[in-house]
Amino acid sequence: MNKHIARFLNDEKNYNLLSKSKINTDKSFSETMDKKFSREIIFSEDIKDEAYQHLIKGVNWWYPDIDVSKLPESRIDILINEGKIRFSVENFNYLVSSETGKHIDLIESDFDTYFKKKDELQLPEGATTKLLQSSDINLEDKQKLIKDIDEQSRYDLFDNENGLVQAIIDICLNNSLHLSSAFLENLFVYEEDRVQKIELLIKNASSLKKEEIYSLLTQLGDPYSKITISGYNISIHKSDLNIRLADTLERVNYISSKKEKIMTNKIQLFLKRQ
């Protein structure tokens with residue numbers, strides 16, 4: 001960029017004025033020249049950071065394929081926030097290859113487009129977890145991500161992404177999201193906390209078949225695995241969690257009835273005969 005132009009653009013009075021209106025609004029030069037000048041602003045190393053943040057607001061164009069490898073992270077942030085780098089496969093791949101983590105910011109800026117194009121993309125390891133933990137992605141979109149993992153049977157992600165299982169469990173337990181039995185079985189394999197597994201079973205029991213509940217109880221281990229024996233009466237420790245589990249199993253007609261035994265601090269479950 002010409003040094004005289006850079007000096008002009010770095011003047012506070014000028015960049016403040018230019019930030020309030022689009023560059024070339026009076027069409028004093030051609031569209032080609034406008035695009036060229038806008039690109040020069042984007043990639044200029046002669047423009048100060050403060051001026052850059054203001055001048056980008058006046059750029060008319062957004063770019064589907066901008067090579068961000070030549071830009072510092074601070075300027076990538078500005079371009080994404082101002083909508084100058086929009087979601088495209090090319091921009092996504094550029095940001096992934098830049099190893100800045102800014103591909104997450106790009107998805108956050110336009111989740112709908114990302115979701116439409118997701119089959120054309122290769123998410124780096126850890127990205128799904130970050131998206132589910134993001135405060136900039138709403139609950140509905142997070143549920144779409146979880147359902148997509150389920151529908152595509154992408155349970156291999158549980159092996160590759162630390163924190164993914166917990167992120168999914170947190171969303172499911174705090175919201176009305178029901179999971180398939182296959183999804184739950186895989187979560188049970190990777191989640192070590194039995195309390196959370198029971199909470200998931202309670203949350204999802206109403207949408208599960210009897211044989212699916214049977215399978216999940218088996219995975220819980222003793223004493224819960226015994227709640228699968230036909231006609232067998234089993235006692236489990238009386239706790240708030242177990243009371244809620246017993247109530248749930250009775251409500252979904254998995255057990256015939258239950259009885260709280262005050263003297264032994266137990267809950268007796270009466271299983272149905274086949």
Side-chain angles (χ1 to χ4, degrees), residues 128-129 132-133 137-155 157-159 161-274:
T128 304
T129 304
L132 290 177
Q133 293 172 337
I137 294 180
N138 63 43
L139 176 61
E140 183 181 353
D141 289 337
K142 289 179 181 181
Q143 290 179 336
K144 285 181 184 177
L145 286 172
I146 293 172
K147 287 179 180 178
D148 187 61
I149 294 171
D150 193 6
E151 289 169 2
Q152 302 296 324
S153 299
R154 289 298 316 278
Y155 309 128
L157 290 172
F158 299 161
D159 264 329
E161 294 203 24
N162 291 329
L164 178 58
V165 167
Q166 190 58 54
I168 292 171
I169 289 174
D170 288 343
I171 291 170
C172 291
L173 292 183
N174 292 317
N175 302 281
S176 57
L177 175 63
H178 292 282
L179 302 173
S180 72
S181 61
F183 202 145
L184 288 167
E185 286 183 12
N186 277 279
L187 286 178
F188 275 32
V189 169
Y190 288 92
E191 176 55 48
E192 295 180 358
D193 187 341
R194 186 157 71 170
V195 170
Q196 295 223 64
K197 294 179 186 179
I198 295 171
E199 292 284 11
L200 283 170
L201 177 54
I202 292 171
K203 186 83 173 181
N204 288 273
S206 62
S207 62
L208 297 173
K209 297 176 182 177
K210 184 174 181 179
E211 57 268 26
E212 292 170 340
I213 294 175
Y214 177 103
S215 178
L216 293 170
L217 286 168
T218 301
Q219 281 187 263
L220 286 174
D222 189 60
Y224 304 99
S225 57
K226 292 178 181 176
I227 310 176
T228 61
I229 303 172
S230 175
Y232 190 76
N233 298 333
I234 176 175
S235 293
I236 58 176
H237 175 71
K238 182 182 175 182
S239 66
D240 175 68
L241 181 66
N242 283 342
I243 289 171
R244 288 191 292 115
L245 175 62
D247 287 342
T248 299
L249 294 177
E250 185 177 26
R251 187 173 63 254
V252 299
N253 208 29
Y254 182 84
I255 60 174
S256 57
S257 61
K258 67 182 188 306
K259 181 180 180 182
E260 293 185 27
K261 304 173 78 174
I262 306 298
M263 296 294 294
T264 58
N265 200 33
K266 298 278 187 180
I267 308 170
Q268 189 169 12
L269 307 180
F270 298 92
L271 277 67
K272 294 188 172 186
R273 294 187 181 277
Q274 294 290 354

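One is the number of the first residue; the rest follow in order along the sequence.
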Participant: Calculate, to the nearest 0.5 Å, the distance between atoms OG1 and CD belonging to Thr228 and Glu211 respectively.
Facilitator: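 Atom-to-atom, Thr228:OG1 and Glu211:CD are 13.5 Å apart.
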
Participant: Hey, is the main chain of Phe188 close enough, under 3.5 Å, to the side chain of Gln219 for a donor-acceptor pair?
Facilitator: no

Participant: Got a second to check how far Tyr190's OH is from Lys197's NZ, nearest 0.5 Å?
Facilitator: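 Here the rounded value is 12.5 Å.
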
Participant: Check the surroundings of atom CG in Asn162: do more than 12 heavy atoms from other residues, nucleotides or ligands lie under 6.0 Å from it?
Facilitator: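 Counting neighbours around CG of Asn162, 12 or fewer heavy atoms of other residues, nucleotides or ligands fall under 6.0 Å, so no.
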
Participant: Examine distances only and state if a side-chain atom of Asp150 and a backbone atom of Ile146 form a donor-acceptor pair shorter than 3.5 Å.
Facilitator: no

Participant: Return yes if some donor-acceptor pair links the side-chain N/O of Lys238 with the main-chain N/O of Ile267 below 3.5 Å, else return no.
Facilitator: no

Participant: Quick one: pull up CG in Leu241 and CD1 in Ile202 and give me the separation to the nearest 0.5 Å.
Facilitator: 5.0 Å

Participant: I need the Ile137 CD1 to Lys142 NZ distance, nearest 0.5 Å.
Facilitator: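 Reported value, rounded in 0.5 Å steps: 7.0 Å.
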
Participant: Please check this pair: side chain of Arg194 against backbone of Leu220, looking for a donor-acceptor N/O pair closer than 3.5 Å.
Facilitator: yes

Participant: Closer than 4.0 angstrom, basic N to acidic O: yes or no for Lys258 and Asp247?
Facilitator: yes

Participant: Hey, what do you get for CG (Asn186) to OG (Ser153), rounding to the nearest 0.5 Å?
Facilitator: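 Result: 8.5 Å between the selected atoms.
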
Participant: So, the side chain of Asn138 versus the backbone of Glu140: is there a donor-acceptor pair under 3.5 Å, distance only?
Facilitator: yes

Participant: Of all the heavy-atom pairs spanning Arg244 and Thr248, show the shortest one and how long it is.
Facilitator: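 Closest approach of Arg244 to Thr248, heavy atoms only: O-OG1, 2.8 Å.
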
Participant: Look only at the side chain of Tyr254 and the backbone of Ile227, and say whether a donor-acceptor pair between them is shorter than 3.5 Å.
Facilitator: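 Pair found, side chain donor or acceptor close to backbone of Ile227.
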
Participant: To the nearest 0.5 Å, what is the distance between CG on Leu184 and CG on Asn204?
Facilitator: 4.5 Å

Participant: Just by distance, do the side chain of Ser257 and the backbone of Phe270 share a donor-acceptor pair under 3.5 Å?
Facilitator: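 A pair under 3.5 Å: no.
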
Participant: For the residue pair Tyr224 and Asn242, establish whether any side-chain heavy-atom pair is separated by less than 4.5 Å.
Facilitator: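 When only atoms from C-beta onward are counted, Asn242 and Tyr224 do touch, with a gap below 4.5 Å.
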
Participant: Applying salt bridge (Lys or Arg N to Asp or Glu O under 4.0 Å), name anything that partners Lys144, two or more places apart in sequence or on another chain.
Facilitator: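 Checked Lys144 against salt bridge (Lys or Arg N to Asp or Glu O under 4.0 Å); matches are Asp141.
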
Participant: Say whether, by atom type as modelled, one donor and one acceptor occur between the side chain of Lys210 and the main chain of Asn253 under 3.5 angstrom.
Facilitator: no

Participant: Measure the shortest side-chain to side-chain distance between Leu164 and Thr128 over non-hydrogen atoms and say whether it is less than 4.5 angstrom.
Facilitator: yes

Participant: Looking at every heavy atom in both Glu250 and Ser256, which two are closest together, and how far apart are they?
Facilitator: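 Of all heavy-atom pairs spanning Glu250 and Ser256, the closest is OE2-O, 4.1 Å.
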
